[in-house]
Structures are given as structure tokens and as C-alpha cells.
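Encoded as C-alpha cells, the structure appears first; notes follow it.
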Amino acid sequence: MVARELLGCVLVSRHARVVTAGRIVETEAYLGPEDAASHTAFRPGSRALFYGEGGHAYVYLNYGVHYCLNAITNPAGEPGCVLIRALAPTEGLPAMARRRGTPSSPRIASGPGNLTRALGITLRDNGADLTTGRLVILPPATPSPVTVACGPRIGITRSVELPLRFWIEGDLSVSGARRR
DNA sequence: CTCTGGATTGAC
DNA sequence: TCAATCCAGAGG
């Protein structure tokens, strides 16, 4: 599963002259029509991206307040994406804190909305190429042996029971479990 | 054009 | 526990 491989990869955002980056420590997988929580199930407009070629970004404004960053994972024609939920800051922490308007903290990019705000990601990054654009995902610089845990997804109202959420065990930047 | 849901967050 | 806040889809 690609969601698992993404853990430990580094997400780099270059906005103007500011570079912010972090290690991906938490992801969630979203599937095609058979996944009731996937946007493909109730948001046809997102289908073009879901079914598009892998390696592109799918950015979505949620609750009118927060953005969510997804990576399209599958070859063209096959729906599937991974929601990036949390980052462990590795570069540009002060810039993240400035964008967030909060003090620097390991949890500055913990949670989908926090993450996108910290990296300055907006709707205009929707559909961007994650291999060449100002938003890039790199393989782990130093493949560190980590424990990957998996469990139910968070914050959704459908198919919550599917164990499609992955995170790095014990990492400080993983977002805390919430209930609904 | 109006109505409304939603993969969240942080303050009460 | 609850309100903030905005896009796109659905319906008129």
C-alpha cells in the first residue's frame, strides 16, 4: 500500500524564497467508489484527479476553514489517493510558525489543516505535479527503521472502521486521536 | 441562483 | 461540546 511507503518521505514546499519541509509521519488511504468515505463516492468533480496519473496533488478545502493535501497514488485510470495528515518539521520551522501564527512546535504540522497552513498550501496547488512543482515529495534521505502502526481513520463519517490510517509509532508530530 | 454537506480545528 | 466558514454539487 502506497500510504505506507509515503511514511518517512519528505514533503518540500517552496513558496517564494521560503522553503519549508518535513518528514511525513501520518497518512490515510482513500480508495475508489467502493470506499464510501472517498470523495469519488460523493464528489464527482474530484474524480478527474482521482483517476488521473499518480504523483499529482489533490487539494481540497474542507469545512470552509482548512485545506487537505492528498497525493494521487495510482496509475491513470485507477482511482486512489493518500491524505497526508501530519509532518515532522525538518526545515523552515520559523516560517511554518509564522504562517500558523503560533510558536514553533513539533506539532506545528500535525493534522491535515495545520499541515497545509504551515506549508502555505492552497487550492492553487490542486492538480500540481508533486515531482517537479513548488510542492515536491522526496524519498527518505536516511531510511530509518521505524515502527509503522495502522488503525481506523479519523474525522470521517463513513467507513470509519476500515484500517486505512498509517502513522509512525511514537512520533511526536502524529496528530492525536479524536472522536466523533 | 440558493441551499447544504463536509477527509477539521481550537476555543468554551 | 460547538461554531467558524467556503467551495462545488444538486435542485429550482
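All chains are named by letter (A, B, ...) in the order of the sequence lines, taking the proteins before the strands, and each is independently numbered beginning at 1. Keep in mind the model is a prediction, meaning the values are calculated, not measured. Values below: every heavy atom of this structure, side chains too, minus hydrogens, waters and symmetry copies.
- Whole-Å rounding puts the A/E28 CD to B/dT8 C1' distance at 12 Å.
- With hydrogens and angles ignored, no donor-acceptor pair under 3.5 angstrom links the side chain of A/H66 to the base of B/dA7.
- Atoms CZ (A/R107) and P (B/dT9) sit 10 Å apart, rounded to a whole Å.
- Aromatic pair A/F50/A/Y58: ring centres closer than 6.0 Å.
- Under a 3.5 Å cut-off, the side chain of A/R14 and the backbone N or O of A/G133 do form a donor-acceptor pair.
- The separation between A/Y58 atom OH and B/dG6 atom P is 13 Å, rounded to whole Å.
- For A/N70, the side-chain atoms get nearest to B/dA7 when compared with the rest of B/dA7, C/dC7, C/dA4.
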Give the dot-bracket string for DNA chain C, reading 5' to 3', where a pair is Watson-Crick or G-U wobble with both distances under 3.5 Å, ( ) marks pairs inside the strand, [ ] marks pairs crossing earlier ones, | marks a partner on another strand, and . marks unpaired. ||||.||||||.
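- Tracing side-chain contacts under 4.5 Å through hydrophobic residues (I, L, V, M, F, W, Y), one never reaches A/Y51 starting from A/V2; they form parts of separate clusters.
- For the OP1/OP2 pair of B/dA7 and a distance below 4.0 Å, the side-chain nitrogens and oxygens of A/R165 include no atom meeting the criterion.
- B/dA7 atom P lies 8 Å from atom CZ of A/R158, rounded to whole Å.
- Contact annotation: A/T157 reaches the phosphate of B/dA7 (side-chain N/O to OP1 or OP2, under 4.0 Å).
- Side-chain proximity of A/V65 to the nucleotides B/dT9, C/dT5, C/dC7 is greatest for C/dT5.
- Between A/L61 atom CG and B/dT9 atom P the separation is 13 Å, expressed in whole Å.
- Looking at heavy-atom distances under 4.0 Å, A/Y67 makes no contact with the nucleic acid at all.
- For the OP1/OP2 pair of B/dG10 and a distance below 4.0 Å, the side-chain nitrogens and oxygens of A/R100 include at least one atom meeting the criterion.
- Rounded to an integer number of Å, the gap from OH of A/Y60 to C1' of B/dG5 is 8 Å.
- Taking only side-chain atoms of A/N62, from C-beta outward, the nucleotide of B/dG10, B/dG6, C/dA4 with the closest atom is B/dG6.
- Note on A/R117: a side-chain N or O is less than 4.0 Å away from OP1 or OP2 of B/dG10.
- Between the P atom of B/dA7 and the CG atom of A/L49 lies a distance of 18 Å, rounded to the nearest Å.
- C/dA4 has no base stacking with the ring of A/Y63 when judged by centroids under 5.5 angstrom apart and an interplanar angle below 30°.
- In terms of the side-chain hydrogen bond (donor to acceptor under 3.5 Å, both in side chains) criterion, residue partners of A/D35 (sequence neighbours excluded) are, by chain and number, A/R153.
- In summary, the side chains of A/H39 and A/R47 do not present any donor paired with an acceptor at a separation below 3.5 Å, with no hydrogens or angles considered.
- In this structure a side-chain-to-backbone donor-acceptor pair under 3.5 Å is present from A/H56 to A/G127.
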Run the side-chain donor-acceptor check on residues 73-84 of chain A: report pairs under 3.5 Å with partners two or more places apart or on a different chain.
from  : atom 1 : to    : atom 2 : distance (Å)
A/T73 : OG1    : A/G80 : O      : 3.4
A/N74 : ND2    : A/P79 : O      : 2.8

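- Distance, A/F166 CZ to B/dA7 P: 19 Å, rounded to whole Å.
- A/V10 is not connected to A/F166 by any chain of hydrophobic side-chain contacts under 4.5 Å among Ile, Leu, Val, Met, Phe, Trp and Tyr, and they are in different clusters.
- Residue contacts for A/R153: at a heavy-atom cut-off of 4.0 Å it reaches no nucleic acid atom on any strand shown.
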